[in-house]
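The structure under discussion appears below in the form of structure tokens.
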Amino acid sequence: MTGARPALSRRLCLMGIAISLSAASLLASAPASARGPDGIADIAEKVIDSVVNISTSQNVEAKGGGNNREAMPQLPPGSPFEEFFDDFFKNRRGGAPKDGDKSGELQRRKTNSLGSGFIIDAAGVVVTNNHVIADADEINVIMNDGTKIKAELVGVDKKTDIAVLKFKPVKPVNAVKFGDSDKLRLGEWVIAIGNPFSLGGSVTAGIVSARNRDISQGPYDSYIQTDASINRGNSGGPLFNLEGEVVGVNTLIISPTGGSIGLGFAVPSKTVAGVVDQLRQFGELRRGWLGVRIQQVTEEIAESLNIKPARGALVAGVDDKGPAKPAGIEPGDVVVKFDGKDVKDPKDLSRVVADTAVGKEVDVVIIRKGKEESRKVMLGRLEDTEKVQQAAAKTKEDPVEKPVTQKALGLDLAALSKDLRTRYKIKDSVKGVIVTGVDNGSDAAEKRLSAGDVIVEVAQEAVSNAADIKKRVDQLKKDGKKSVLLLVSNGEGELRFVALSVQ
């Protein structure tokens, strides 16, 4: 969203003028309320000096010399275009090599980009997006009056895409305050100020289109969606409410063209304020850690666990060294409340745990076998160096001998043998019944069960052979249950819950 060229075609400008003229009479007759509240101009005038442009530069290595064959199209020798491209790259991209230059030698060139930011402390503290300043060798803050001041990086948080900078003001500056993004209502007017397409301070207005929007950009997604025009270069700029308070940091847009189509997203101020406080205090983020792997509570899983309505975060696994283990939290528990806050889904739990102070003792309310219970947990610290493990690849080698299988739930099931463990690379610590085949079109296939998965529990009871599974499934059918909850492990021992229909 940074570094976009500000050029506009003459044709586009003329079209814009024509459209403006044709709509002039309509706008003249429209009531003021149709164009937004009257206070926008006053707010913009009050806060615009607190909004800054962020200019960055980065030295990158590139092959030097006029014979830079890696930077030009590779053409067959003798091609009629070879002479043309040689001329282009020698004469228009730095000229032919000078005496003493070595062709192909690494040279450094500078790239520049522009974004937005805002001052939160008159001492010279600025908030922007991490992606605006990422990998920059030099960062400058450009004030609304054009004054350019070198800035230093205080700290960044990649997971929320927030960065904090500091600079030494050459004269007194205005700072803005954070508002409460939790109080925003759908349809409420908001104002975006930033540096779109490198044009300098620009003001746009719109409404809050949605809150708590998850667009799969990170583990703590909870964006404010707005139709206020946000374009390339607006990244890191503030989103104001009508009190002149910052309620969000404009971060990204969804657009097939690169320009605003009314789908802009801002990190809410509640998230930003906490991140900024930690970056200023520690230079890094210190997030709380519960030590569990969680998944969505689907309607089928909720029915299997006797939870109405479906809600909470289902614990699929517990870290042996995490805080949840000594507190007595187990796989199959559903977390519905954390530190007094309701947990509607896994994202809620991830956010509230991350925002809670490391070392704080909190009450965690879980549902276990249909009943609510409370546990006290002393939170640990989430390490950002955590490694994402991939499931072990399953081989296609034939087993030494064909296993004896039994059919249930659209699955071919067999007892775990040494040969099957070797074939599917199942750790010795994994216990249960292995899946050797899945019926096409079955519910199990739709839920992505596959050969090599191991069923550890059925209806929260451990199983050791296929007969156990079939017996329990038959009993659930007699009891009128619509689905059965399976605890499934991969070869590495990573667990997940899957609900399958028994009808």
Side-chain angles (χ1 to χ4, degrees), residues 293-307 310 314-318 330-334 367-370 391-392 394-395 398-503:
R293 287 191 300 106
I294 53 179
Q295 67 181 77
Q296 187 75 32
V297 180
T298 65
E299 292 292 341
E300 291 173 313
I301 290 176
E303 191 269 341
S304 300
L305 295 174
N306 296 318
I307 298 176
L314 176 62
V315 177
V318 179
E330 302 173 355
D333 291 341
V334 176
I367 296 179
R368 178 180 295 174
K369 295 184 178 180
K394 301 182 177 72
T395 67
D398 292 328
V400 175
E401 60 182 53
K402 188 175 181 180
V404 177
T405 62
Q406 190 164 348
K407 205 80 172 173
L409 299 170
L411 302 170
D412 295 326
L413 304 168
L416 267 173
S417 64
K418 183 178 180 180
D419 290 337
L420 288 174
R421 284 187 184 276
T422 301
R423 179 185 180 188
Y424 293 106
K425 296 184 179 180
I426 309 296
K427 285 186 174 180
D428 291 340
S429 58
V430 178
K431 309 296 182 184
V433 180
I434 191 167
V435 176
T436 60
V438 182
D439 291 349
N440 290 332
S442 65
D443 191 27
E446 291 182 4
K447 301 292 175 59
R448 298 184 180 180
L449 285 174
S450 61
D453 285 334
V454 177
I455 298 176
V456 179
E457 292 181 0
V458 175
Q460 296 186 288
E461 293 185 18
V463 291
S464 57
N465 56 65
D468 283 347
I469 295 177
K470 192 172 188 311
K471 181 179 178 181
R472 288 175 188 175
V473 170
D474 290 341
Q475 184 60 51
L476 288 170
K477 286 182 180 179
K478 291 179 181 179
D479 294 342
K481 295 291 186 181
K482 296 179 181 179
S483 60
V484 57
L485 187 66
L486 308 180
L487 180 59
V488 180
S489 173
N490 64 12
E492 295 293 313
E494 294 178 342
L495 302 171
R496 73 184 191 277
F497 283 93
V498 179
L500 297 182
S501 172
V502 298
Q503 299 301 320

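The figures here come from the full heavy-atom set of this structure, side chains too, leaving out hydrogens, waters and symmetry mates. Note that the coordinates shown come from a computational prediction; the quantities given were computed from them, not determined experimentally.
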Residues Ile307, Val334; criterion side chain to side chain contact (heavy atoms under 4.5 Å, CB included); working and verdict: CA-CA 9 Å; Ile307 298 176; Val334 176; 3.6 Å; yes
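- By the neighbour-count criterion of 12 heavy atoms within 6.0 Å, atom CG of Asn440 is sparsely surrounded, having that number or fewer from other residues, nucleotides or ligands.
- When side chains are defined from C-beta on, Val433 does not count as touching Leu416, because their heavy atoms never get closer than 4.5 Å.
- The environment of Lys482 atom NZ is sparse: at most 12 non-hydrogen atoms of other residues, nucleotides or ligands sit within 6.0 angstrom.
- Using a cut-off of 4.0 Å between Lys/Arg side-chain N and Asp/Glu carboxylate O, Glu457 and Lys431 are scored as not salt-bridged.
- Arg423 contributes no side-chain N or O that, together with a main-chain N or O of Gly452, makes up a donor-acceptor pair within less than 3.5 Å.
- The distance from atom CG of Asp453 to atom OG1 of Thr436, rounded to the nearest 0.5 Å, is 11.5 Å.
- Of all heavy-atom pairs between Arg496 and Leu449, the closest is NH2-CD2, 3.6 Å.
- For the atom pair OG of Ser489 and CD of Glu494, the computed distance is 8.0 Å after rounding to the nearest 0.5 Å.
- Contact detail for Leu487 and Ala316: the closest heavy-atom pair is CD1-O, 4.3 Å.
- Between Asp474 and Lys478 there is no salt bridge, since no side-chain N of the basic residue sits under 4.0 Å from a carboxylate O of the acidic one.
- Between Val458 and Val484 there is a side-chain heavy-atom pair separated by less than 4.5 Å.
- Taking a cutoff of 4.0 Å between a charged side-chain nitrogen and a carboxylate oxygen, Arg472 and Glu461 qualify as a salt bridge.
- Ion pairing between Glu492 and Lys427 holds under the 4.0 Å rule for side-chain N and carboxylate O.
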Test log, rule side chain to side chain contact (heavy atoms under 4.5 Å, CB included), inputs Val463 and Val456: CA-CA 6 Å; Val463 291; Val456 179; over 6 Å; no
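- Ion pair Asp443/Lys447 flagged as a salt bridge, since at least one NZ, NE, NH1 or NH2 atom sits closer than 4.0 Å to an Asp/Glu carboxylate oxygen.
- For the pair Asp333 and Lys369, the salt-bridge criterion is not met [side-chain N within less than 4.0 Å of a carboxylate O].
- Atom CD of Gln296 sits in a crowded spot, with more than 12 heavy atoms from other residues, nucleotides or ligands closer than 6.0 Å.
- Counting all heavy atoms, side chain and backbone alike, Ala414 lies closest to Leu420 at CB-CD1, 4.1 Å.
- Going from atom OH of Tyr424 over to atom CG of Asp419 covers 11.5 Å, rounded to the nearest 0.5 Å.
- Between Gly317 and Pro331, the shortest heavy-atom distance links the atoms CA-CG, 4.3 Å.
- In this structure, Ile301 and Leu314 have side chains that are in contact, with non-hydrogen atoms separated by less than 4.5 Å.
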Test side chain to side chain contact (heavy atoms under 4.5 Å, CB included) applied to Ile434 and Ile426, step by step: CA-CA 9 Å; Ile434 191 167; Ile426 309 296; 4.3 Å; yes
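- Using a 4.5 Å heavy-atom cutoff, the side chains of Phe497 and Leu486 are not in contact.
- In this structure, the side chains of Gln295 and Val315 stay at 4.5 Å or more apart for every pair of heavy atoms.
- Put simply, NZ on Lys418 and CG on Asp428 are 9.5 Å apart, with the number rounded to the nearest 0.5 Å.
- Looking at Ser483 and Ser501, their side chains never bring a donor and an acceptor atom within 3.5 Å of each other.
- When all heavy atoms of Ile469 and Ala408 are compared, the closest pair comes out as CG2-CB, 4.4 Å.
- Side-chain contact check for Val488 versus Val454: every heavy-atom pair is 4.5 Å or farther apart.
- Rounded to the nearest 0.5 Å, atoms OG (Ser442) and CG (Leu411) are 6.5 Å apart.
- Proximity of a side-chain donor or acceptor of Ser464 to a complementary backbone N or O of Gly432 within less than 3.5 Å is not detected.
- Side-chain contact between Arg368 and Glu330 is present, with heavy atoms from C-beta onward closer than 4.5 Å.
- Closest approach of Ala445 and Asp439 over heavy atoms only: CB-O, 3.5 Å.
- Taking CG of Asn490 as the reference point, atom NZ of Lys425 lies at 13.0 Å (rounded to 0.5 Å).
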Glu303 vs Thr298, side chain to side chain contact (heavy atoms under 4.5 Å, CB included): CA-CA, chis, key distance, verdict: CA-CA 9 Å; Glu303 191 269 341; Thr298 65; over 6 Å; no
